[in-house]
Amino acid sequence: MFTGIIETSGTIEQIDREGGNVHFTLSCAITHELKIDQSVAHNGVCLTVVAINNNKYTVTAIQETLDKTNLGQWKEGDSVNLERAMKLGDRLDGHIVQGHVDQTGVCKSVEEANGSWYFTFEYDTKANNITIEKGSVTVNGVSLTVVNSKDGEFSVAIIPYTYEHTNFKHIKPGTIVNLEFDVVGKYVARLHNLHQ
């Protein structure tokens, strides 16, 4: 379980393909605190640390993960949002995030608003995911509040701190992002589908 509060960012140093798997080697400020078999959310995707070498560590993504997320588009040098799993007894500052990305979305627009930004994203509704106005959503692992919720589209407001401390500063129209919808929204969507 995660909270959607990003701890730090990492840089992709190396990408190695092995059959249907892809090994990503990253560097970050907290590598020295990581352990093998530890779960770390990478742009919201829960991946297990499989190797640590000095200031770099490696995680592996299987084909299903590559199919459902934007990991297959990662390149060496890309910046990735990182969060370690929450500890029991810690404050839940964001919302309950599983680290299981539901689908990808595409940035439709970025609007500056008095020092903050509104990012609007579109997503395919065939997966039956929904957002709820003022509900939560996770974009590239960042816990955010939904505004302007519509069918297949929503916006989020990004404050300067979030913009500077996550990879939101690299998102522009056309960027593909990982989306994890709030568990409450998932429950509502399933109830809605049962009654149709």
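Please read all numbers here as calculations on a predicted model, not as lab measurements. Worth knowing before you read on, the calculation uses all heavy atoms, side chains too, and leaves out hydrogens, waters and symmetry mates. Throughout, numbering of the chain's residues begins at 1 and tracks the sequence.
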First locate atom [atom1] of [X], then atom [atom2] of [Y], and finally report the distance between them rounded to the nearest 0.5 Å.
X	Y	atom1	atom2	result
His100	Thr69	NE2	OG1	12.5 Å
Ser9	Ile30	OG	CD1	10.0 Å
Gln73	Leu66	CD	CG	11.0 Å
Leu82	Leu47	CG	CG	10.0 Å
Ile15	Asp78	CD1	CG	7.0 Å
Phe154	Ile130	CZ	CD1	12.5 Å

Any chance the side chains of [X] and [Y] put a donor and an acceptor closer than 3.5 Å?
X	Y	answer
Gln14	Asp16	yes
Thr25	Glu13	no
Asn43	Asn178	no
Asn129	Gln103	yes

Under a 3.5 Å distance rule, please check whether [X] uses its side chain to pair with a backbone N or O of [Y] as donor and acceptor.
X	Y	result
His165	Tyr163	no
Thr31	Asn55	yes
Thr166	Thr162	yes
Asp124	Lys126	yes
Gln38	Lys35	yes
Glu180	Gly99	yes
Asn167	Ser79	yes
Thr65	Ala61	no
Asp182	Gly135	no

Looking at side-chain heavy atoms only, is the closest gap between Thr58 and Val49 below 4.5 Å?
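They are not in side-chain contact.
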So do Val40 and Glu83 actually touch side chain to side chain, heavy atoms under 4.5 Å?
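Heavy-atom side-chain distance check fails, nothing below 4.5 Å.
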Minimum heavy-atom separation for [X] and [Y], please, with both atom names.
X	Y	value
Leu34	Ile52	O-CD1, 3.4 Å
Cys28	Gly10	CB-CA, 3.9 Å
Gln63	Asn21	N-OD1, 4.5 Å
Lys68	Thr104	O-CG2, 3.7 Å
Cys107	Phe119	SG-CD2, 4.3 Å
Ser149	Glu133	N-OE1, 2.7 Å

What about [X] and [Y], same hydrophobic cluster or not, with Ile/Leu/Val/Met/Phe/Trp/Tyr joined at side-chain heavy-atom distances under 4.5 Å?
X	Y	result
Val45	Phe181	no
Phe2	Val59	no
Ile5	Val80	no
Val146	Val110	yes

Is the distance between the ring centroids of His23 and Tyr57 under 6.0 Å?
no
Just do the side-chain contact (heavy atoms from CB on, under 4.5 Å) check on Thr175 and His170 with the steps written out, would you?
CA-CA 9 Å; Thr175 300; His170 303 299; over 6 Å; no
Below 30° counts as parallel, above 60° as perpendicular, anything between as tilted: where do the rings of His42 and Trp74 land?
tilted
Can you confirm whether more than 12 heavy atoms, excluding those of Glu33, are under 6.0 Å from its CD atom?
yes
Is it the case that more than 12 heavy atoms not belonging to Tyr118 sit under 6.0 Å from its OH atom?
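Atom OH in Tyr118 is not crowded, with 12 or fewer foreign heavy atoms closer than 6.0 Å.
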Is the shortest distance from a Lys or Arg side-chain nitrogen in Lys169 or Glu164 to a carboxylate oxygen in the other one below 4.0 Å?
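No, Lys169 and Glu164 are not salt-bridged.
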Between Phe121 and the options Thr131, Val106, Val156, the side-chain contact (heavy atoms from CB on, under 4.5 Å) test singles out Val156
